[in-house]
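Below: one structure, written as structure tokens.
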Amino acid sequence: DVQLQASGGGLVQAGGSLRLSCAASGFTFDDYAIGWFRQAPGKQREGVSCISGFDGSTYYADSVKGRFTISSDNAKNTVYLQMNSLKPEDTAVYYCAAQILSHYSISYYLLPVRYDYWGQGTLVTVSS
């Protein structure tokens, strides 16, 4: 079974940093895209960043470019999201998701609808 476990959320002041982890199991990591998504209260789930397990290519939402960095440790089947310069508008429940790679462009995988497998969320709260 595909399983994804997100962790690392918490409360941080604006301007601070957090690192989220997504531990994956039950599939061949190299064959999948892993994405990070977030959902704030009353808003739709949105893509934050994604990474190819095959070649490490990455893609970011404009709202987080230059502040967030996605990376993977294929040996540990874990994807990280380093979040710096956090803003109150980054407050949300963050989810990781996995989808088998079938499209040539990693940007294809920034949309939540592309994904079949989801982990539980981890709450990130940024205070002003």
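Keep in mind that the numbers below use all heavy atoms, side chains included, and drop hydrogens, waters and symmetry copies.
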Which donor-acceptor pairs under 3.5 Å do side chains of residues 8-20 form with protein atoms, sequence neighbours excluded?
residue: Ser17; atom: OG; partner: Asn84; partner atom: OD1; Å: 2.9

Name the atoms and distances for all side-chain donor-acceptor pairs under 3.5 Å in residues 49-58, with sequence neighbours left out.
residue: Ser49; atom: OG; partner: Tyr59; partner atom: O; Å: 2.9
residue: Ser52; atom: OG; partner: Phe54; partner atom: N; Å: 3.1
residue: Ser52; atom: OG; partner: Asp55; partner atom: N; Å: 3.2
residue: Ser52; atom: OG; partner: Asp55; partner atom: OD1; Å: 3.1
residue: Asp55; atom: OD1; partner: Ser57; partner atom: N; Å: 2.9
residue: Asp55; atom: OD1; partner: Ser57; partner atom: OG; Å: 2.8

Donor-acceptor pairs under 3.5 angstrom involving side-chain atoms of residues 97-112: please list them, not counting sequence neighbours.
residue: Gln99; atom: OE1; partner: Asp116; partner atom: N; Å: 2.8
residue: Gln99; atom: NE2; partner: Asp116; partner atom: OD2; Å: 3.3
residue: His103; atom: ND1; partner: Ser105; partner atom: N; Å: 3.1
residue: Ser105; atom: OG; partner: Ser107; partner atom: N; Å: 3.4
residue: Ser105; atom: OG; partner: Ser107; partner atom: OG; Å: 2.8
residue: Tyr109; atom: OH; partner: Ser102; partner atom: N; Å: 2.6
residue: Tyr109; atom: OH; partner: His103; partner atom: N; Å: 2.9

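In this structure, the side chain of Gln120 engages the main chain of Ala6 through a donor-acceptor pair within 3.5 Å.
At least one side-chain heavy atom of Val64 sits less than 4.5 Å from a side-chain heavy atom of Arg38.
When all heavy atoms are compared, the tightest approach of Gln39 to Lys43 is NE2-O, 3.1 Å. When all heavy atoms of Leu4 and Ala24 are compared, the closest pair comes out as CD2-CB, 3.7 Å.
Contacts classified as ring pair (Phe, Tyr, Trp, His ring centres under 6.0 Å) and involving residues 7-40 (residues at least two apart or in different chains) are given here: Phe27-Tyr32, Phe37-Tyr115, Phe37-Trp118. Sorted by first and then second residue, the disulfide (SG to SG under 2.5 Å) pairs involving residues 61-128 (not counting sequence neighbours) are Cys22-Cys96. For residues 69-80, the side-chain hydrogen bond (donor to acceptor under 3.5 Å, both in side chains) pairs, not counting sequence neighbours, are Asp30-Asn74, Ser72-Asn74.
The residues Lys87 and Asp90 are annotated as not salt-bridged, no charged nitrogen and carboxylate oxygen being separated by less than 4.0 angstrom.
Under a hydrophobic clustering in which Ile, Leu, Val, Met, Phe, Trp and Tyr are joined whenever their side-chain heavy atoms come within less than 4.5 Å, directly or via other members, Ile70 and Tyr95 fall into different clusters.
Rounded to the nearest 0.5 Å, atoms CE (Met83) and CZ (Arg67) are 9.5 Å apart.
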